[in-house]
Amino acid sequence: MTTVIGSTGAVGRRISLRGVVQGVGFRPFVHRLALRLGLSGWVRNSSGNVQIHIEGAPEKVNDFIVAVRSEAPPLARIDDFRSEICDTLELTAFRILESKADPADRQAISPDVALCAACEAELFDPHNRRYRYPFITCTDCGPRFTVIEAMPYDRERTSMRAFRQCPACSREYQTPGDRRYHSETNSCAECGPTLSMELEPAAKLLLSGRIVAMRGLGGFQLAVDATDDQAVARLRARKNREAKPFAVMVRTLAEARQLAEIDAAEASLLTGRERPIVLLRRRANGLAHWVAPGLDTVGIMLAYTPLQHLLCDLVGRPLVMTSGNLSDEPIAIGNADARQRLAGIADAFLLHDREIVARYDDSVVRVANDKPLFLRRARGYAPLPLRLPIASPRQLLAVGPHLKNTFTLALGAEAYVSQHIGDLENLETLQAWHEALDAYRRLFSLEPEVAVRDLHPGYMSTRIAGDLGLETIISVQHHHAHIAAVLAEHGVTNPAIGVAFDGTGYGDDGNTWGAEFLLCDLAGYRRLGQLRYARMPGGDLAARQPWRAALGYLALDPDAAHAFGSLLDALPFNIRDVALRQMARRLNAPLASSMGRLFDAAGAVLGISLENQFEGQTAMQLEALAGRRPAQPFPVPASRNHDGTWILDPLPLLIALGEERDRGADVGDLAARFHESIAAGSDELAARLAVDAGVGTIALGGGCFQNVRLLTSLTARLEARGLRVLVPRQLSPNDGAISFGQAAVAAAQLHQEER
């Protein structure tokens with residue numbers, strides 16, 4: 001290619017960048033870089049990219065091209081970089097041009113990120129003009145996704161347009177080299193958002209045991225003193241949240257270390273710009289019992305907004321910081337909505353007048369094998385796109401599951417997985433789902449032609465898919481979607497053995513699946529093995545009452561009643577008799593191969609729990625009791641079924657647990673042995689299936705793999721055999737990943753159809 005040299009000896013380059021390059025200070029960075037190198041030209045945002053024209057001395061232009069990639073702002077992510085030679089325009093300066101909108105193009109949007117160190121220092125500096133200003137921000141931190149209404153990213157297309165910058169802020173905004181140069185959320189106490197009350201009275205309310213509803217980045221949060229048992233119990237009662245653990249907020253890592261054991265990987269997550277809730281092993285002191293009853297872990301996050309920093313500083317104690325909603329409802333985002341919906345919970349309201357465009361829960365992670373494991377992906381991570389290994393030839397919408405819902409919009413290799421939306425159990429959450437979808441369609445210029453849904457005919461998401469009015473609807477089996485999500489995030493298109501462990505999924509045979517061994521790729525699957533079926537008396541009630549699952553396994557062999565004796569003694573005869581007759585007559589007693597229900601059954605047999613007050617409670621208690629103690633597995637035999645598939649039989653394991661408990665064995669030791677038994681039995685069957693199928697990759701998916709004891713034990717056993725083990729990293733093992741798996745399956749199938 002011939003280099004075009006201008007009359008001054010200058011050369012020109014036209015550069016286009018895609019990725020997370022808007023809302024992260026990229027244009028100011030480019031401007032500073034051009035001035036540093038003595039180059040002229042311009043930079044502007046487009047709907048789908050950042051465009052740069054640069055010209056000057058050839059060696060300086062080359063330096064510029066290298067530095068754009070190597071020195072990019074901390075929040076930027078360059079996915080595509082294109083540079084071509086162009087004519088020089090004989091420009092004498094470098095400018096930031098007005099943004100150019102292209103409705104046909106799409107651009108990744110930065111998530112909201114935590115207050116940066118520079119802004120935090122200014123926040124607590126008495127000599128700074130933004131001293132204790134609750135909405136301090138710069139190009140390196142603050143709200144993004146929750147204020148953006150449309151692309152390209154400019155102040156007039158955000159909820160910050162309601163606040164006109166004062167002369168001092170305007171001067172910063174227009175001054176090259178300033179940290180707030182073209183910071184679209186820039187403001188100060190003279191011109192920015194304001195609070196409805198002073199922070200000192202709010203802090204005093206918290207110190208006196210009151211509940212304060214405060215408007216955050218992506219919705220309201222309910223705050224209460226985490227060291228006050230009565231205050232936390234009162235919050236539980238008002239919020240209708242009996243036992244599900246609360247998250248706790250502190251200001252600093254040092255304060256977090258007083259409450260929990262924290263290793264290097266966990267510290268990195270806590271202090272990262274995303275600032276998720278991190279599930280940590282709690283210390284014995286410091287927190288009220290009702291923060292996380294019956295568990296050895298606690299979710300902790302560090303303050304991530306200036307308002308939270310100021311409030312935590314004034315209170316000086318850990319604060320419960322939980323979603324501003326009644327249980328099972330979406331979080332409130334508007335002031336009037338919050339006053340109405342949270343009036344029966346909060347004693348006071350700490351409001352502000354910056355409107356929230358996108359509802360945004362806190363993300364939740366824990367560490368497994370020194371790497372993050374998502375429990376919920378939202379603030380700090382969504383809506384960054386994921387890549388599909390097989391590009392979709394048509395625009396599609398994967399509507400996701402019924403519980404822990406997310407949806408995914410996809411075209412080509414880009415998949416936009418929504419933030420956590422929640423369980424589709426009520427009209428309010430359904431409305432929130434549609435609001436989020438409308439926002440994604442608008443922001444990413446996507447109009448789906450294909451709907452993708454679960455096989456279950458009764459899911460609300462299934463009805464949503466049908467109501468979209470799209471000609472093409474693709475159905476994807478729940479556990480295939482789980483494994484496809486793991487394969488897709490790792491870029492794997494070849495066949496693998498998928499081990500899918502969860503609570504409930506609609507199976508091809510009409511039964512409830514939940515512990516499946518699949519030979520699959522992205523386009524299809526074949527079921528090679530499963531947990532032995534047992535009847536679940538009461539159907540969905542078995543997920544809430546673990547004794548029902550235990551009776552379901554006992555019905556497989558009534559002669560094993562001696563091992564279930566303690567459980568049978570704990571149940572009133574009439575209740576027990578009704579459940580047994582239900583199964584005998586097959587009345588509302590569906591067959592299930594669910595690993596979640598097996599955990600429940602084990603908890604009931606060991607006397608840990610007869611009722612789940614929240615989803616997965618018994619399994620979490622089992623994991624807490626097991627801890628890190630070493631244990632030897634009990635046998636979990638596998639045998640071939642009449643159709644050639646393999647059956648993993650857990651009944652001998654449950655019998656052994658009951659017998660050992662009756663002999664006086666420590667329940668914690670038995671909980672550890674239960675985990676190792678499941679890991680060992682699953683390892684042996686998965687490895688056998690891999691050899692038979694001639695594959696060397698195992699993918700683990702499903703909500704039961706949120707259990708770190710199970711996940712790490714099974715991973716270690718499989719890797720010791722030389723197998724490659726794929727674990728969810730960019731999304732959760734739970735149903736939050738289903739929509740991405742659905743999209744990956746549909747994309748692969750559509751690709752096959754068009755070949």
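All values reported here derive from a predicted model rather than from experimental measurement. In this chain, numbering begins with 1 at the start of the sequence shown.
Gln395 places a side-chain N or O within 3.5 Å of a backbone atom of Glu447 that can act as its donor or acceptor partner. When atom types are taken as modelled, the side chain of Thr137 and the backbone of Cys141 share a donor-acceptor pair closer than 3.5 angstrom. Looking only at distances, a side-chain donor or acceptor of Ser159 sits under 3.5 Å from a matching main-chain atom of Glu355. Using modelled atom types, no side-chain atom of Asp80 and backbone atom of Arg18 make a donor-acceptor pair closer than 3.5 Å. No side-chain donor-acceptor contact under 3.5 Å links Tyr173 to the backbone of Tyr181. The backbone N or O of Phe374 lies less than 3.5 Å from a partner atom in the side chain of Ser732, making a donor-acceptor pair. The backbone N or O of Asp263 sits less than 3.5 Å from a side-chain atom of Glu266, completing a donor-acceptor pair. Distance alone, capped at 3.5 Å, places no donor-acceptor pair between the Glu71 side chain and the Val68 backbone. Within the 3.5 Å criterion, the main-chain N or O of Pro74 finds a donor-acceptor partner in the side chain of Arg273. Put simply, the side chain of Glu84 never gets that close to the backbone of Arg14: no donor and acceptor are under 3.5 Å apart.
Looking only at side-chain heavy atoms (C-beta outward), Leu310 and Phe124 come within less than 4.5 Å of each other. In this structure the side chain of Arg32 never reaches within 4.5 angstrom of the side chain of Arg36, judged on heavy atoms. In this structure, Arg441 and Pro448 have side chains that are in contact, with non-hydrogen atoms separated by less than 4.5 Å. Counting only heavy atoms from C-beta outward, the side chains of His53 and Leu91 approach each other to under 4.5 Å. Counting heavy atoms from C-beta outward, Cys188 and Arg129 have side chains that approach closer than 4.5 Å. Side-chain contact between Leu222 and Leu235 is present, with heavy atoms from C-beta onward closer than 4.5 Å. Within the 4.5 Å cutoff, no side-chain heavy atoms of Val212 are placed close to those of Val224. Taking the side chain as every heavy atom from C-beta outward, Pro152 and Gln22 approach each other to under 4.5 Å.
Residues Tyr360 and Phe145 place their aromatic rings such that the two centres sit under 6.0 Å apart. Close placement of the Trp433 and Phe407 rings is indicated, their centers lying within 6.0 Å of each other. Ring centroid separation for the pair Tyr416 and Tyr440 does not come in under the 6.0 Å cut-off.
Remark: of the listed residues Arg144, Arg27, Arg157, Arg27 is the sole one forming a salt bridge (Lys or Arg N to Asp or Glu O under 4.0 Å) with Glu184.
Side chains of His309 and Arg251: a donor on one and an acceptor on the other come within 3.5 Å. Between the side chains of Thr406 and Ser739, at least one donor-acceptor pair of N or O atoms lies under 3.5 Å. Side chains of Asp361 and Gln419: no donor on one and acceptor on the other come within 3.5 Å. In this structure, a donor-acceptor pair under 3.5 Å is absent between the side chains of Ser16 and Arg82. In the model, Asp112 has no side-chain atom that pairs as donor or acceptor with a side-chain atom of Tyr304 under 3.5 Å. Side-chain contact, Tyr153 with Ser110: no donor N or O sits under 3.5 Å from an acceptor N or O. At a cut-off of 3.5 Å, with distance as the only test, no side-chain donor of Gln51 or Asn45 sits close to an acceptor on the other residue.
Of the charged side-chain nitrogens involved, at least one lies within less than 4.0 Å of a carboxylate oxygen, so that Glu122 and Arg180 count as a salt-bridged pair. Look at Glu329 and Arg341 and you find a salt bridge, because one of the NZ, NE, NH1 or NH2 atoms lies within 4.0 Å of a carboxylate O, short of that distance. By the 4.0 Å N-to-carboxylate-O rule, Glu55 lies too far from Lys60 to be salt-bridged with it. The pair Glu98-Arg44 does not count as a salt bridge, with every side-chain nitrogen at least 4.0 angstrom from each carboxylate oxygen. Between Arg130 and Glu172, at least one side-chain N (NZ, or NE/NH1/NH2) sits under 4.0 Å from a carboxylate O, which counts as a salt bridge.
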Next on the checklist: Before you tell me yes or no, could you show the steps for Arg339 and Asp337 under salt bridge (charged side-chain N to carboxylate O under 4.0 Å, His left out), namely the whole-Å CA-CA distance, both residues' side-chain angles and the distance that decides it to 0.1 Å?
Outcome noted: CA-CA 6 Å; Arg339 283 192 178 279; Asp337 179 42; over 6 Å; no

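With Phe163 as the aromatic partner, Arg354 does not meet the cation-pi criteria of under 6.0 angstrom to the ring centre and within 45 degrees of the ring axis.
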